[in-house]
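Everything on this sheet refers to the single structure shown next.
Ligands are counted one by one from 1 in listed order, and the atoms in each one are counted from 1 as well.
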Amino acid sequence: MHIRHRPSWELPESAATPESVYLSRRTLLGGGAGLIGALGLPGGAQAGFLDSLGLSGGDKAPKGPAPGDPANDPTKDLYPARHNDAFTLDRPVTPEDISANYNNFYEFGSDRSYYQVADVCAQMPRRPWTVKIDGLVEKEREVGIDDLIRAMALEERLYRHRCVEAWSMAVPWTGFPVKDFVSWARPLSSAKYMRMETFLNPDVAAGQRRFTYPWPYVDGLTMAEATNDLAFFVTGIYGKPAPNQFGAPLRLAVPWKYGFKSVKSIVRISFVEERPVGLWEQIQGREYGFWANVNPAVPHPRWSQASERDIGTGERRPTEIYNGYGEQVAGLYAGIKGENLFM
Ligand code: MTE
């Protein structure tokens, strides 16, 4: 009888996370967490050991009222926003109780089941919240999130959302086109990229106490990508201000790219000449690149991207090039040479 031994790299989908990649590949380089990964301790044992070092990703929700309760959001009068019919779906909207309990947010990540972060995220205060706009702009400034949101016209769009880990959902985001923000921010013509940065606050985000990650979370887009009609800054979901686990009070949604490009809880937007290096690219550039366009024909080095699991229906469905948004975005990449477009 042929017995097939599973190679160590052939992980089940649930274990095929960027973190597991990192822990197994960086081994002794990264201090305690890397060492534990190298020893191959199971998740629970890792968590206990990391807790004892004060390094755990923080999956224990602190007690008390949640300062991040979206019901108290100062912009809640703006919801529900006008629904934009131009964005339709080929699949059912993922029920809120499923999408709101399946979130990737490493700042609040847990060693045991890191997708269940809603409770710990709720402890993050949403106000005061400012966004710094700097770099190659006519005038650098820092704007209060409420002033920014009220300066934009909010709308609702139905978007597909595909994670590099081969799961997907479909959600009704509320927000405003990134191109509207760009006109408002007035970058100089020398700006080639828009770089976005998440908050840095290890007091509320225990995952940021892990010195093995190059916090804060950063990623970026070319100016042509940022000003494409589809690029969207999200402030709400399901007709309400977004709960923290979705990246409140401001996150990106670029549905033709893998989810890791969609930076959450943004505090700084910089217009720059040099291509930003995202957090995942810094950690593992062979597996996570700048372009990150969804492409079923290009497997991740350790798993296939040919299909995805819809977390709403549980069904597996074929993945489409550019996540089905090729008509809107393929032109952005025509003529680009010498680049690995789909990493
Ligand atoms: N942004 C920050 N700051 N931290 C993160 O861990 N995870 C990314 C992206 N943005 C992440 C982030 C990844 S890998 C995905 S798939 C999406 O957020 C998940 O968004 P969701 O939880 O709203 O589905």
### Task
Pick one of side chain, backbone, both or neither for how Trp167 approaches ligand 1, counting any non-hydrogen atom pair under 4.0 Å.
side chain

### Message
With a 4.0 Å cut-off on heavy atoms, is Trp215 in contact with ligand 1?
### Response
no

### Query
Less than 3.5 Å between some nitrogen or oxygen of Tyr102 and one of ligand 1, yes or no?
no

### Task
Between Asn104, Val263, Asn103, flag the one that comes closest to atom 7 (N) of ligand 1 by a heavy atom.
Asn104

### Task
Apply side-chain hydrogen bond (donor to acceptor under 3.5 Å, both in side chains) to the pair Ser270 and Asp134, showing each step before the final yes or no.
CA-CA 5 Å; Ser270 311; Asp134 64 2; 2.6 Å; yes

### Query
Hey, does Trp173 come in under 3.5 Å of ligand 1, counting only N/O atoms on both sides?
no

### Task
Mind checking whether Tyr217 contacts ligand 1 via backbone (N, CA, C, O), side chain (CB onward), both or neither, at a 4.0 Å heavy-atom cut-off?
side chain

### Task
May I ask you to check if Arg195 and Phe271 form a cation-pi contact, with NZ or CZ under 6.0 angstrom from the six-membered ring centre and within 45° of the axis?
no

### Summary
Here the gap from His300 atom NE2 to Tyr288 atom OH, rounded to the nearest 0.5 Å, amounts to 3.5 Å

### Message
When you measure from the heavy atoms of Glu165 to every atom of ligand 1, does any distance fall below 4.0 Å?
### Response
no

### Query
If you count the atoms of ligand 1 from 1 in the order shown, which ones are under 4.0 Å from a heavy atom of Lys264?
1 (N), 2 (C), 3 (N), 10 (N), 12 (C), 18 (O), 19 (C), 20 (O), 21 (P), 22 (O), 23 (O)

### Query
What atoms of ligand 1 come within less than 4.0 Å of a heavy atom belonging to Cys163?
16 (S)

### Per-atom contacts of ligand 1 with Phe246, taking only distances under 4.0 Å to non-hydrogen atoms
23 (O)

### Query
Should the pair Phe108 and Phe199 be assigned to parallel (<30°), tilted (30 to 60°) or perpendicular (>60°) ring geometry?
tilted

### For Thr198, atoms of ligand 1 separated by under 4.0 Å from a heavy atom
3 (N)

### Task
Could you tell me whether the side chain of Glu107 and the main chain of Cys121 form a donor-acceptor pair under 3.5 Å?
no

### Query
Which atoms of ligand 1 have any heavy atom of Met169 under 4.0 Å away?
24 (O)

### Message
Could you check whether Arg162 makes a cation-pi contact with Tyr258, meaning its NZ or CZ is under 6.0 Å from the centre of the six-membered ring and within 45° of the ring axis?
### Response
no

### Message
So if I count the atoms of ligand 1 from 1 in the order they appear, which ones are less than 4.0 Å from some heavy atom of Tyr106?
### Response
5 (C), 6 (O)

### Message
Tell me whether Ser262 reaches ligand 1 (any heavy atom closer than 4.0 angstrom to a ligand atom).
### Response
yes

### Query
Strictly under 4.0 Å, does any heavy atom of Lys261 approach an atom of ligand 1?
no

### Message
For Phe290, does the six-membered ring have the charged nitrogen or CZ of Lys261 within the cation-pi criterion, i.e. under 6.0 angstrom from the centroid and within 45° of the normal?
### Response
yes

## Note on the structure
Which of Asp147, Asp69, Asp146 passes salt bridge (charged side-chain N to carboxylate O under 4.0 Å, His left out) with Arg127? Answer is Asp146

### Message
Treating Asp310 as the side-chain partner and Thr313 as the backbone partner, does any N or O pair qualify as donor plus acceptor under 3.5 Å?
### Response
yes

### Task
Check for a donor-acceptor pair, side chain of Thr94 on one end and backbone N or O of Val171 on the other, with a separation under 3.5 Å.
no

